[in-house]
Amino acid sequence: MVSLLSGCSGIQSALDPAGSAAQLIADLWWPTLIVATLVTVLVLVLLLVAVTRALRHRSARPLSSRQSRNLVIAGGIILPLSVTIPFALSSFSIGRTIHAPPPEDAMTIEVIGKRWWWEIHYLDESGNRIATTANELHVPVGEPVRLLLKSDNVIHSFWVPNIQGKTDMIPGRENVTSLVADEPGVYRGQCAEYCGTQHALMAFLFVAETPEEFADWLERQEQPAAKPVTDREVWGQEVFADAGCADCHTIRGTRADGEDGPDLTHLAGRRTLAAATVPNRIGHLGGWITDPQHIKPESLMPSTELTPDDLQALLSYLESLE
Amino acid sequence: MTRQHTNLQHKVHDSPEETKLLAETWYSPRGFPGWFTQVNQRMIGRRFIITGFIFFLLAGILGLLIRTQLAGPEQEFLGPELYNQFFTMHGTVMMFFFAIPVMEGFAIYVVPLMVGTRDMAFPRLNAFGYYIYLIGGIVLFGSLLIGMAPDAGWFNYVPLAGKEYSPDYGVDIWTTMITFIEVSALTAAVELIVTILRLRAPGMTLNRMPLFVWAALVMSFMIVFAMPAVIVSSTLLILDRLVDTQFFLVDSGGQPLLWQHLFWYFGHPEVYIILIPALGMISTIIITFTGRPIFGYTALVLSVVSIGLVSFGLWVHHMFTTGLPQLGMSFFTAASVTIAIPSGVQIFCWIASLWGAKIRFATPMLWVLGFFAIFVIGGLTGVMVASIPFDTQVHDTFFLVAHFHYVLIGGAVFPLIGALYYWWPKFTGRLMSEKAGKWSFWLAFIGFNVTFFPMHQMGLEGMPRRVYTYTAEMGWGDLNLLSTLGSFVLAAGFGVTLINAIWSLYRGQPAGANPWNAPTLEWATESPPPSYNFRHIPMVESRWPLWDWQRSGERSVVTGLSHWRREVVLTSVLDATPIGVQILPKPTIWPFTSAVAASSGFIGIIFHPIFFVMGFFLVFFTLVAWFWPRRPWKEDE
C-alpha cells in the first residue's frame, strides 16, 4: 500500500500537502499507516500459524489455558492500548495546533455555500465586504487566514485537501476556521457534504500566491467592472440586461444587481466556470450560457436563447470583465 | 441443573400417537390463506431471512449500477437524479431492510432452537413484526419503481431533507416507512429478550448460554435503546414535512444539528447491532469446526456486552467536521478507540481457540477466516477515523466508504454467509455444495478487496462520497474502473451462493440431525425441525450438551408437557430453574390485519393527515379482535 500511495500527486489530494494543517495530518497519517500495516500483518500471521499448526505438525496441541490467557492479554489488551494511546495523544495535540484560533489581525474571508457554487467575500478589519468573487479563493502564502463559513440553504462542507481538512457550513451557524497555505499553487476544493443534485460539481479553485501577487489581485477585485469599450461590448452589456442575466447576477458599477447567482464583476479573470466544472474559455462560456443544464443538470442557471450575434456580443462583453 | 429436579427426568419414550398429537397441536396452516395466519417462529424467521436476502440482492444491484456510473470520468449512464436515488436507496435498504431484519431473522429461527424451546414468547407479535417489515419494504422499494424514491441520502440531513429542498414525496416515503418498520425491529427485539430470558431449557444458566444467544440478547437490548432515537428523529421530520412543525427550520429557531445528533445516536449503535450477532455466529462456527470448547467464553461475553455499551457513546464521531467544541469531541475520540480493546479480546480469544486445533475447513469456516482478514483492516481504519484531524480529511470521502464496507461486509456479511452455510442443513434438511461454496467464497473475497481496497486511496486523493461524476483531470478514473470490475466479481461470488442455495433445495445431500457434529441444542432435533421443534424439551448440564450426550450416551429431558395444547417451559432468568408452563396461542389472521391497518395509517399520512386518525381506529379494532379473551388452554377438554 505504501508504494501504491507514494507515487501519486494531485491538485485535490490529502497526500500532497501544501498547507500547515494538511502537512500535520499527513505527518500523522504515514506512521499510523505503517503501524496499522504491522498490526494487520501480525494478527494475520498469528491466525495463519494458528490454523495451520495442526496441518503441519501431527502432534500439535492446543494452547494451555494459561498460554491462551497470556495471548489474549498481550494481543487483545496490551497491543490495542499500546497502539491507540500514543495515536490518540498525538491526534489530540495535532488537533489543538490545527484548531488554534488565528491571530487577531489575520485577514478574514467569508465563504458562503450556495447550490451549487461558492460565494466569497473579502472583509476588512471592521468586517465590511470589500470584494466579492465566486468559486475562486485567493490567499497569500504563509499568512494565516480566518474563514467564516456559512450557508443560507442546506449543509455544505468546505474542503481543500491539499491545505486542510473540511469544515461544515451549516445554516444558522457560523463556523470559524483558519488556514495557512505554505506553497504557492492552484489547488482544488470540493463540497464534501451531500447537498443535492449537483453536489458532485460543486468545486472551486484555491489559489495560493505570493503576498504581492495577492495584494494586486485583491486590489483589482475591489474595483468596479471595466466599462465596455468597443461597440460590440456595449451591445453585449445591453444583451446582458435584456436577456434577464441581471436578475440573478451582479456586475458592480452597472445596474446589474441580482443576488441569486455569482457576482460577475471580474468574470474574465477567473480560471473556471460553473464552480470549477469547465475551464473559462469563450467556447465553454457560450455553451454554459445557452445550455447550462447539459453541463450541470438541475443547476439554477436557466438556458438563455440568444441570436448568434447577440451571443457573440454578450461573450465579448463578459470577456472584457477582467 | 441439580439432581433435585428429578421429578422432571424420565426416560425418553416416544409413543407414535403422542408424536402425532404434538404435530397436530403445533400445526401451521399451509397454502396461500394459511400463510397469513402462521405464527410459528421457524416460519417467521425463515420469512425474515428470505425477505432480507431479497433486499440484499436488490440493494446489491443498485450498488452495481452505482459502481457502473463511476467506472470512468464524466459518464452519463445514470445521471444525477437516478444516481442520487440509487445511493440513497442502496444505503437505506442495506441498513434497514437487509442487515437488521436478516440478523433478527437468524435469531428468530435459531435462538428458540438453541435454547431448547418450542416457540417464542409472543408468537403473534412475531408475525405482526414480519408483516410490518414486508409492507414497509414493498412500499419503500416500490417508490423507486414508480420514480418517487427518496434522494436525500440514507442519513437524510436536514435542511436538504426538509420540505423546502426536497418537495417531492420521496423523503416523505422514507421517513414514514423508516418509522413504521422500526416497529418491526422493536417487536423482534422484545420477543428475543423475553424468549432468551424466560424460555431457556432447564439447566441452561446464563453461564451456559450459547454465544450466539448472548449476542442475540445484546443485539436486542441495543435495538430497544437505539431504535427509539431514529423513531423520534424521523417522526420530527415527518411532522416538519407534513404538518409544518419547525423542529429543524432555522428561521424559526430550529436546529439542523439536532437531526444529526438524534440520527447518529441511533446510527452508530446500529453498526454494532449488525456486527454483534455476526460475532456470535463466528464463535458458533469456530466451536463447531474446531470440535472443542472455545477459549475465553466469559471474556467473549463480556467483550460483546462492553462493545454494546460503549457503542452508545460514539455518535459524535460522525460529526467531527460540524464545528462542535474540540474538547467535547475529544471525548468521542477516546471512546471510539476504546472499542479496539473488546474487539481485540474477541479476535485473540478466537486465535487462541484455533491454535493447534484440528480444524475442518468447511465452507462456513472459510467465510469466518475471510472475516478475520477483512475485519482487522476495517477495524484499524476505524481507529484512524476516530482521530479528529485525520477524520477532517477523510470524512465523507471514499476512504470512509472503504472503511465501513470493510467493517460491514467483512464484519457482518461474511459471517452471515458463513452462518447461512452452517445452518442451511438445519433450515432445509440438505447440505449446500461445498465446492460451490468455496468458489463463492474466493470470488467474493477477491472481488471484495479489489472493489473496496482502492477506495482508501481514492478518498485520500480527494474523491468525495455521493458524487455521481468527476472530471477526467482528477485522475481517479483508473482506480474507479478497477473498483467497478471488482464489484462484479464480488457480485458473482454472492451469486454462486444464491444458485448453490436454490440447487441444494432439490439436489443437496440430506443432512441428518447434526451434520457438523455441533454441540448446541438446535442440532438435537431433526433437520428441518418438526413443527414442535423438540419431541422432548432437553435438559442442559454444560455449555456443550450434544457433546456431553455423545460421551455419556444418554440425555435428560423434560416430560409431562401436554400434547394437546401449545405449552412451553418457563424458567428463571439466571439459573434456568423450571418455574412454570406458558401456553402459546394458535395461528390467527389478526397480526396480519393489524399490520395492514397500521400500514394504511402510515402510508396514508403521506397524502393526508386524516389517514392518521383512520389508521388509529383501524388498529384499535384489529387489536380488540386480536386480544379478545379466548381460552387457548381448552379447559373443558
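So that the names make sense, note that chain A is the first sequence line, chain B the second, and so on, each numbered from 1.
Annotation: maximal heavy-atom pairing with chain B below 4.5 Å, among A:Pro80, A:Ser90, A:Ala26, A:Gly95, occurs at A:Pro80. Your options are B:Lys358, B:Met365, B:Gln255, B:His395, and the one with the most heavy-atom pairs under 4.5 Å with chain A is B:His395. Of the listed residues B:Gly344, B:Ser387, B:Ala299, B:Ser353, the one with more heavy-atom pairs under 4.5 angstrom with chain A than any other is B:Ser387. Chain B forms more heavy-atom pairs under 4.5 Å with one residue of A:Gln67, A:Glu193, A:Glu298, A:Met169 than with any other, namely A:Glu193. Among A:Ala88, A:Ala203, A:Ser157, A:Cys195, the residue with the largest count of heavy-atom pairs under 4.5 Å with chain B is A:Cys195. Most heavy-atom pairs under 4.5 Å with chain A, from the set B:Gly356, B:Ala161, B:Gly296: that is B:Gly356. Most heavy-atom pairs under 4.5 Å with chain A, from the set B:Phe361, B:Tyr470, B:Phe320: that is B:Phe361. When the candidates A:Val39, A:Asn153, A:Leu44 are compared by the number of heavy-atom contacts under 4.5 Å with chain B, A:Asn153 comes out ahead. Per-residue counts of heavy-atom pairs under 4.5 Å with chain B were compared for A:Leu28, A:Thr32, A:Thr167, A:Ile155; the largest is that of A:Ile155. Counting heavy-atom pairs under 4.5 Å between each of B:Val250, B:Thr290, B:Val337, B:Ile341 and chain A puts B:Ile341 at the top. Between chain A and the residues B:Ile359, B:Ile351, B:Leu327, B:Thr333, the most heavy-atom pairs under 4.5 angstrom are made by B:Ile351. Among A:His57, A:Met202, A:Gln190, the residue making the largest number of heavy-atom pairs under 4.5 Å with chain B is A:Gln190.
For A:Ala22, the parts lying under 4.5 angstrom from a heavy atom of chain B are both the backbone and the side chain. Of the atoms belonging to B:Asp391, it is backbone heavy atoms, and not side-chain ones, that fall under 4.5 Å from chain A. There is no contact between A:Ser151 and chain B, counting heavy-atom distances below 4.5 Å. Contact of B:Tyr83 with chain A is not made at all, since no heavy-atom distance falls under 4.5 Å. In this structure, the portion of A:Leu55 lying under 4.5 Å from any heavy atom of chain B is its side chain and not its backbone. In this structure, chain A has a heavy atom under 4.5 Å from the side chain of B:Phe295, while its backbone stays farther away. Contact annotation for B:Ile347: only side-chain heavy atoms (C-beta onward) come within less than 4.5 Å of a heavy atom of chain A. If you measure heavy-atom distances from B:Ser330 to chain A, the contacts under 4.5 Å come from both the backbone and the side chain. Residue contact with chain B, scored on non-hydrogen atoms closer than 4.5 Å, involves the side chain of A:Arg173 exclusively. Of the two parts of B:Phe87, only the side chain, counted from C-beta on, holds a non-hydrogen atom closer than 4.5 Å to a non-hydrogen atom of chain A. With a threshold of 4.5 angstrom between heavy atoms, B:Gln260 approaches chain A through side-chain atoms but not through N, CA, C or O. Within the 4.5 angstrom heavy-atom criterion, atoms from both the backbone and the side chain of A:Leu71 approach chain B. Looking at A:Asp152, the atoms closer than 4.5 Å to chain B (heavy atoms on both sides) all sit in the backbone: N, CA, C or O. Both the backbone and the side chain of B:Ala340 come within contact range of chain A, judged by heavy atoms closer than 4.5 Å. Of the atoms belonging to A:Ile94, heavy atoms from both backbone and side chain fall under 4.5 Å from chain B. For A:Gln164, the part lying near chain B is the backbone, with the side chain staying farther off; criterion is any non-hydrogen pair under 4.5 Å. Heavy atoms of A:Ile98 lying under 4.5 Å from chain B belong exclusively to its side chain. Using a 4.5 Å cut-off between heavy atoms, B:Thr397 contacts chain A through its side chain alone, with no backbone atom that close. Within the 4.5 angstrom heavy-atom criterion, only side-chain atoms of B:Leu257, from C-beta onward, approach chain A. Neither the backbone nor the side chain of A:Arg96 comes within contact range of chain B; no heavy atom of the residue lies under 4.5 Å from a heavy atom of that chain. When heavy atoms are compared at a cutoff of 4.5 Å, B:Arg292 approaches chain A solely by way of its side chain, counted from C-beta outward. Looking at A:Ile78, there are no atoms closer than 4.5 Å to chain B (heavy atoms on both sides), in backbone or side chain. Looking at B:Met384, both its backbone and its side chain come within 4.5 Å of chain A, counting heavy atoms on both sides.
Heavy atoms of other residues, nucleotides or ligands lying less than 6.0 angstrom from CG of B:Asp478 number 12 at most. The neighbour count for A:Arg56 CZ, taken as heavy atoms of other residues, nucleotides or ligands under 6.0 Å away, is above 12. Heavy atoms of other residues, nucleotides or ligands lying less than 6.0 angstrom from NE2 of A:His294 number 12 at most. Under a cut-off of 6.0 angstrom, the local environment of CD in B:Glu74 is crowded, with over 12 non-hydrogen atoms contributed by other residues, nucleotides or ligands. Other residues, nucleotides and ligands contribute over 12 non-hydrogen atoms within 6.0 Å of the CZ atom of B:Arg360.
For the pair B:Glu461 (side chain) and A:Leu15 (backbone), a donor-acceptor distance under 3.5 Å is absent.
Counting heavy atoms from C-beta on, the side chains of B:Met463 and A:Gln12 never come closer than 4.5 Å. Two residues are said to be in side-chain contact when any heavy atoms from C-beta on lie closer than 4.5 Å; B:Tyr468 and A:Leu201 meet this criterion. Counting heavy atoms from C-beta on, the side chains of A:Ile77 and B:Phe348 never come closer than 4.5 Å. Inter-residue side-chain proximity for A:Cys191 and B:Pro464 is flagged as unmet; no heavy-atom pair is nearer than 4.5 Å. Contact annotation: the side chain of A:Trp159 never approaches that of B:Thr392 to less than 4.5 Å [non-hydrogen atoms, C-beta and beyond].
B:Thr322 and A:Asp168 are not linked by any side-chain donor-acceptor pair at a separation below 3.5 angstrom, with hydrogens and angles left out of the test.
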**OP:** Check the pair B:Trp355 / A:Val49 against side chain to side chain contact (heavy atoms under 4.5 Å, CB included), numbers first and verdict last.
**Re:** CA-CA 7 Å; B:Trp355 197 280; A:Val49 172; 3.6 Å; yes

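The structure places CG of B:Leu160 at 8.5 Å from OG1 of A:Thr197, a figure rounded to the nearest 0.5 Å. Here the straight-line distance linking atom OG1 of A:Thr84 with atom CG of B:Leu380 works out to 10.5 Å at 0.5 Å rounding. Rounding to the nearest 0.5 Å places NE2 of A:His99 at 4.5 Å from CD of B:Gln326.
Ring orientation note: the planes of B:Phe399 and A:Trp29 are nearly perpendicular, at an angle over 60° on the 30°/60° scale.
Here the closest heavy-atom approach between residue A:Ala54 and residue B:Ala357 is recorded as CB-O, 3.2 Å.
Among the candidates B:Asn84, B:Asp151, B:Asn156, the single residue satisfying the side chain to side chain donor-acceptor pair (under 3.5 Å) test with A:Tyr194 is B:Asn84.
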